[in-house]
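The next block holds one structure in the form of structure tokens; read it before the comments.
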Amino acid sequence: MGFGKYDPQQVELNWQKKWDDTRCFEVEADPSRPKYYVLEMFPYPSGKIHMGHVRNYSIGDVVARYKRMRGHNVLHPMGWDAFGLPAENAAIKNKTHPAAWTYSNIADMRAQLKRLGYSYDWRREIATCRPEYYKWEQRFFIELLEKGLVYRKNSPVNWCEGCNTVLANEQVEEGRCWRCDGEVEQKQLEQWFLKITAYAEELLDDLKLLEGGWPDRVITMQENWIGKSVGAQIAFQVKGSCETVEVFTTRPDTLCGATFMSLAAEHPLVEKLIAGRPEADKVRAFCREVANMDRIKRGADDLEKEGVFTGAYCVNPITGKDMPIHVANFVLMGYGTGAVMAVPAHDQRDFEFARKYNLPMQVVIAPKGETLDISAMTAAYADPGFLVNSGEFDGLPNQEAKGAIIEHLAKNSLAKPTVNYRLRDWGISRQRFWGAPIPVVHCGKCGTVPVPFDQLPVRLPEDAKVREDGRSPLPLLESFVNVACPKCGGAARRETDTMDTFMESSWYFLRYTSARNDSAPFDPASLKYWSPVDQYIGGIEHAILHLLYSRFFVKALRDLGYVEHSEPFQNLLTQGMVLKDGAKMSKSKGNVVDPNAMIGKYGADATRLFILFASPPEKDLEWSDAGIEGAFRFLNRIWRLAEDLAESGALLPVGPSAPLSVLGGELSGPAKELRRKEHDSVRKVTRDMENKFQFNTVIAALMELVNEMYAQKDALKGAPGGAAVLSSSLSTVLTLLSPVAPHICEELWAHMGHKSQLATLPWPQCDESALVKDEIELVVQVNGKVRGKLMVPATADQDAVREFAMTHENVLRHLEGKSIKKLIVVPGKLVNVVAG
RNA sequence: GCCCGGGUGGCGAAACUGGUAGACGCAAGGGACUUAAAAUCCCUCAACCUUCGGGUUAUACGGGUUCGACCCCCGUCCUGGGCACCA
């Protein structure tokens with residue numbers, strides 16, 4: 001009896017239904033079993049699944065299915081990052097509510113994911129735009145507010161005119177909006193901030209815990225972003241005034257070489273310093289010009305260093321010398337204290353500035369035994385050395401001098417060791433509608449009042465109409481805005497800003513552990529059992545944004561008492577992009593390959609197989625229409641192999657890597673050889689699964705085994721134990737391939753007469769004794785070059801190997817006229833004859 | 001400037017702990033089957049030389065360590081990415 005043509009549509013729908021009916025992938029916390037939490041970054045419901053999603057979720061599904069077969073209790077959930085701008089834009093265009101567009105997209109995309117056969121526990125599905133979800137986020141917000149980790153301040157913020165909203169620093173890329181690529185301007189606004197800087201040190205330190213589990217480059221990117229600098233804060237007295245200028249420096253050792261001072265244009269002291277001075281107008285004009293310069297121009301590499309003298313002086317706390325105070329365009333108010341002690345001899349920037357404005361320079365560090373002549377220098381000397389011209393500190397190595405000078409000044413409270421970070425607090429206010437409302441009320445009498453827990457969630461009104469101009473309808477929606485103050489009961493107004501959508505994605509992975517709980521954000525026992533995420537998988541584009549925010553959020557929730565762990569994601573796999581013709585797929589380039597079309601033509605299994613085979617997961621993958629044909633061809637090859645065995649009565653219900661007792665005793669010849677290959681495949685596949693999820697070589701190993709079965713099947717069908725070995729090998733192929741191409745494997749598994757479901761079967765074991773070879777191919781090298789290969793008994797010892805090697809004609813030819821100096825034997829592999 | 005990656009056939013790639021470089025697949029060429037096509041099966045496939053035994057050169061480039069190097073060390077080039085007038 002034949003199986004008929006391989007029809008992926010029919011096979012796949014059939015098995016998807018069976019998995020559904022048997023609730024195969026639903027899991028509960030079970031402390032008696034080892035858990036494994038595998039998670040892929042959840043999608044934004046933009047409308048359709050694209051190839052990037054297919055790659056991401058196929059990788060995750062193989063991990064989930066593999067770990068399940070390895071005996072783990074596997075949590076593998078899916079949900080929707082459902083708030084955000086595209087929904088609003090679509091709603092404006094289609095004159096509907098963002099919710100309608102979002103939920104309809106979710107329904108479409110869920111169906112697509114189901115069609116791909118991913119093994120999710122769908123009962124845990126979440127959509128972040130649902131009040132049952134964001135209600136808890138609002139609660140966290142209030143708790144963080146009470147703890148002082150949320151605050152409101154009026155500050156310059158990044159404003160994107162295109163998106164009509166504020167952006168966090170992490171969302172500005174080279175002066176442009178991460179989403180719409182529009183130019184970002186600076187604006188002064190009252191905004192809510194999350195105090196991520198309170199965790200700067202821990203966020204940096206804990207990166208050590210992630211070494212080995214996270215890609216190095218992601219760790220470095222986070223290190224760079226946090227940007228820790230160790231140094232000192234030093235106070236400089238302003239001459240003739242009680243004011244001081246506070247400076248942050250990483251080079252306190254160069255203090256005696258500080259010959260002038262540079263302030264940022266926005267520095268609050270500037271106005272006080274110039275009051276009543278003849279320079280005042282000129283300085284004000286300069287400050288205004290610098291402050292009004294747009295962000296991109298001001299940050300440009302080639303910006304000419306410019307400054308202006310304020311007329312005021314401060315005093316070097318060690319040398320006692322006067323230092324003219326300048327305002328300089330390269331000093332940033334946002335870093336350190338907004339003031340820089342200028343050491344022109346040892347800082348390139350200050351060097352150029354001093355040369356341009358003819359300011360004093362003083363060498364204070366020189367290489368051992370050398371003197372530096374400032375007038376002859378063409379650049380600052382920034383290398384290590386020993387102190388000179390620094391009074392009592394002369395002769396100290398500059399590294400040591402750092403501590404000594406701070407200590408000296410600390411006696412008079414003029415300096416203290418300080419650490420500075422580049423990381424800024426996370427601005428989370430968004431002037432948009434489709435986001436979680438910030439749960440506070442502004443009362444004329446009581447000020448800013450948090451909404452009490454029992455009044456949560458603050459729901460996003462369902463009757464709001466999006467505005468043509470893209471601005472949020474919330475401020476004009478009286479029914480939303482007007483509210484009684486929770487404290488005094490008087491008339492008050494609701495906050496109309498919503499939260500950055502990165503808030504929702506900062507904790508969704510925790511919510512999956514008890515997604516349907518409506519009395520608390522998490523069920524503590526489930527949360528504890530499943531956390532942290534063992535394997536997280538997603539794109540490198542979130543190396544900073546989402547991954548940094550999530551790390552911070554987990555630490556903050558830990559300090560609120562919600563979670564016990566400190567790092568959300570134990571292991572991180574950053575998958576490469578899916579390219580077509582060398583470029584990222586995009587509508588504008590017209591190089592998009594639609595997953596639906598591929599599933600329709602070749603099926604989900606072939607699509608998954610190709611995308612996993614074409615490239616290792618971290619690398620970019622070039623889509624190839626011929627490649628997916630090849631994947632489909634391989635599945636057909638397995639199908640026909642099973643069919644062929646069935647037709648010749650050689651298809652027995654023998655399990656994978658069957659023991660000799662099942663195979664009918666000791667084997668010999670091709671049967672033994674195939675069994676060896678079978679077990680070797682188990683060994684290889686298991687190793688590559690464990691080692692960084694190298695699915696491409698996993699699949700290659702299975703192709704080899706199938707090729708071997710094709711080569712041997714006709715000889716084996718009639719041989720003793722042959723049918724059993726063929727069947728065992730086929731079982732092995734189906735079992736090992738099932739995480740990648742689950743439907744066809746289940747189907748053929750059933751055809752073999754097995755009653756179980758592959759999805760819940762244990763992973764096969766490699767029997768080491770099956771790997772033993774009677775004969776091995778011995779490679780013979782002469783002076784490191786291969787000169788011959790011969791088959792020798794695997795048991796041959798060193799002397800025997802030597803004998804064999806010397807029988808090889810070509811080897812002897814290369815040894816002619818030479819004496820053997822040394823013989824190196826790599827057991828089971830090769831022998832190298834060193835001769836000269 | 002600082003910090004991370006990466007560089008292997010026509011293409012995607014593989015190579016375990018330093019032990020036969022190119023597994024597996026794609027493309028290409030040849031053959032079988034077929035009235036024909038598709039599908040399938042078999043063979044060839046790094047470059048050059050060859051008396052067809054084999055030889056030489058090859059993992060960006062130049063050195064080194066080693067019996068032996070894609071792999072380890074030093075230097076150079078190219079390339080992708082992150083951070084940056086950061087004090």
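Convention: sequence-line order gives letters A, B, ...; per-chain numbering from 1.
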Acceptor/donor pairs from residues 687-696 of chain A side chains to any protein atom, 3.5 angstrom cut, sequence neighbours excluded:
unit_1: A:D688; atom_1: OD2; unit_2: A:T697; atom_2: OG1; d: 2.7
unit_1: A:E690; atom_1: OE2; unit_2: A:Y66; atom_2: OH; d: 2.6
unit_1: A:Q694; atom_1: NE2; unit_2: A:N691; atom_2: O; d: 3.4

Return all side-chain donor-acceptor pairs below 3.5 angstrom for residues 822-832 of chain A, not counting sequence neighbours, or 'none' if the list is empty.
unit_1: A:N832; atom_1: OD1; unit_2: A:N783; atom_2: N; d: 3.4
unit_1: A:N832; atom_1: OD1; unit_2: A:G784; atom_2: N; d: 3.0

Can you build the contact string for nucleotides 2-7 of chain B? Use B for base contact, S for sugar-phosphate-only contact, and - for no protein heavy atom under 4.0 Å. -SSS--

Per-nt protein contacts along nucleotides 46-58 of chain B (heavy atom under 4.0 Å; B base, S backbone sugar-phosphate only, - none) come out as --------SSSS-

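Sequence neighbours left out, the pairs with a member in residues 339-348 of chain A that pass side chain to side chain donor-acceptor pair (under 3.5 Å) are A:Q348-A:E352.
Remark: C1' of B:rA15 and CD of A:E704 are 12 Å apart, rounded to the nearest angstrom. Between the CG atom of A:N707 and the P atom of B:rC43 there is a distance of 11 Å, given to the nearest Å. B:rG82 atom P lies 12 Å from atom CG of A:L545, rounded to whole Å.
The residue among A:F248 and A:R422 whose nearest nucleotide of RNA chain B is located toward the 5' end is A:R422.
For RNA chain B, the neighbouring residues in residues 682-692 of chain A, judged by any heavy atom under 4.0 Å, are A:R687.
In terms of the ring-ring contact (aromatic ring centres under 6.0 Å, His included) criterion, residue partners of A:Y6 (sequence neighbours excluded) are, by chain and number, A:F632, A:W639. In this structure A:D181 satisfies the salt bridge (Lys or Arg N to Asp or Glu O under 4.0 Å) test with no other residue, sequence neighbours excluded. A search for side-chain contact (heavy atoms from CB on, under 4.5 Å) contacts involving A:K821 returns nothing, not counting sequence neighbours. Residues forming a ring-ring contact (aromatic ring centres under 6.0 Å, His included) with A:H546 (at least two apart in sequence, or on another chain): A:Y536, A:H542. Partners of A:Y357 under the ring-ring contact (aromatic ring centres under 6.0 Å, His included) rule, at least two apart in sequence or in another chain, are A:F353.
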Bracket notation of RNA chain B in which parentheses pair within the strand, [ ] cross earlier pairs, and | pairs with another strand (Watson-Crick or G-U, under 3.5 Å): (((((((..(((......[....))).(((((.......))))).((((....))))..(((((..]....))))))))))))....

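Remark: side-chain polar atoms of A:E643 are paired, donor with acceptor, to backbone N or O of A:F3 under 3.5 angstrom.
Taking side-chain N and O atoms only, A:N696 has no distance below 4.0 Å to OP1 or OP2 of B:rC24. In this structure, A:Q694 does not reach the B:rA23 phosphate: none of its side-chain N or O atoms is under 4.0 Å from OP1 or OP2.
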